[in-house]
Peer 1: 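Starting off with a structure, shown below.
Only a predicted model underlies this, so the values are computations on that prediction, with no experimental measurement involved.
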Amino acid sequence: MVPTPDQLRDILVEILAGAAGGTREEWAAVVGEIEKLPLPVIVGSNWMINPKGTNSQLETVRAAELIVRAEHPFVAH
């Protein structure tokens, strides 16, 4: 299954809330929107995020992003 950007965001937020603590709402605000790229700009992937938060939150999001991108490199329309 290729997730939509919204589904991928839910996956990422669930991982963050479960692994790092905090609420889904807090992590959703840090993660922001999943942007579907028109072409695979990032090698082997067609999505990106632009998280906003503390340095600690950003490090946590980037670690989770690597895990999620390995399993879901592409998003659907």
Side-chain angles (χ1 to χ4, degrees):
M1 175 190 119
V2 178
T4 66
D6 288 341
Q7 291 169 329
L8 189 69
R9 182 173 182 246
D10 289 344
I11 293 167
L12 187 55
V13 166
E14 185 171 328
I15 289 171
L16 288 163
T23 67
R24 292 177 53 81
E25 291 77 17
E26 291 167 337
W27 283 111
V30 173
V31 170
E33 297 298 317
I34 303 287
E35 180 182 353
K36 182 184 182 301
L37 303 171
L39 297 171
V41 175
I42 299 170
V43 177
S45 184
N46 75 335
W47 61 270
M48 65 179 281
I49 59 174
N50 188 20
K52 294 178 177 41
T54 67
N55 286 339
S56 177
Q57 288 171 323
L58 296 177
E59 287 177 23
T60 303
V61 169
R62 292 300 181 199
E65 178 186 4
L66 292 174
I67 294 166
V68 172
R69 191 179 302 280
E71 186 68 27
H72 302 287
F74 297 98
V75 292
H77 297 289

Peer 1: Checking Arg24 now: which residues fulfil side chain to side chain donor-acceptor pair (under 3.5 Å) with it, not counting sequence neighbours?
Peer 2: none

Peer 1: Under a 4.0 Å N-O cut-off, is there an ion pair linking Arg62 with Glu59?
Peer 2: no

Peer 1: Short question: side chain of Trp47, backbone of Ala76 - any donor-acceptor pair under 3.5 Å?
Peer 2: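 Between the backbone of Ala76 and the side chain of Trp47 there is no qualifying donor-acceptor contact (under 3.5 Å).
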
Peer 1: List the atom pairs, donor and acceptor, that lie under 3.5 Å between side-chain atoms in residues 7-16 and the rest of the protein, sequence neighbours left out.
Peer 2:
unit_1: Gln7; atom_1: OE1; unit_2: Thr4; atom_2: N; d: 2.8
unit_1: Gln7; atom_1: OE1; unit_2: Thr4; atom_2: OG1; d: 3.4
unit_1: Arg9; atom_1: NE; unit_2: Gly32; atom_2: O; d: 2.6
unit_1: Arg9; atom_1: NH2; unit_2: Ala28; atom_2: O; d: 2.8

Peer 1: Which atom pair, heavy atoms only, marks the closest approach of Pro73 to Ser45?
Peer 2: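 It is O-OG, 2.7 Å.
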
Peer 1: Show me the donor-acceptor pairs within less than 3.5 Å that the side chains of residues 48-56 make with the rest of the protein, sequence neighbours left out.
Peer 2:
unit_1: Thr54; atom_1: OG1; unit_2: Gln57; atom_2: N; d: 3.1
unit_1: Thr54; atom_1: OG1; unit_2: Gln57; atom_2: OE1; d: 3.4

Peer 1: With rounding to the nearest 0.5 angstrom, report the CD to CG distance, Glu35 to Asn46.
Peer 2: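 If I round to the nearest 0.5 Å, the distance is 10.5 Å.
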
Peer 1: Which atom names give the shortest non-hydrogen contact between Trp27 and Ala20, and what distance separates them?
Peer 2: CZ2-CB, 3.7 Å

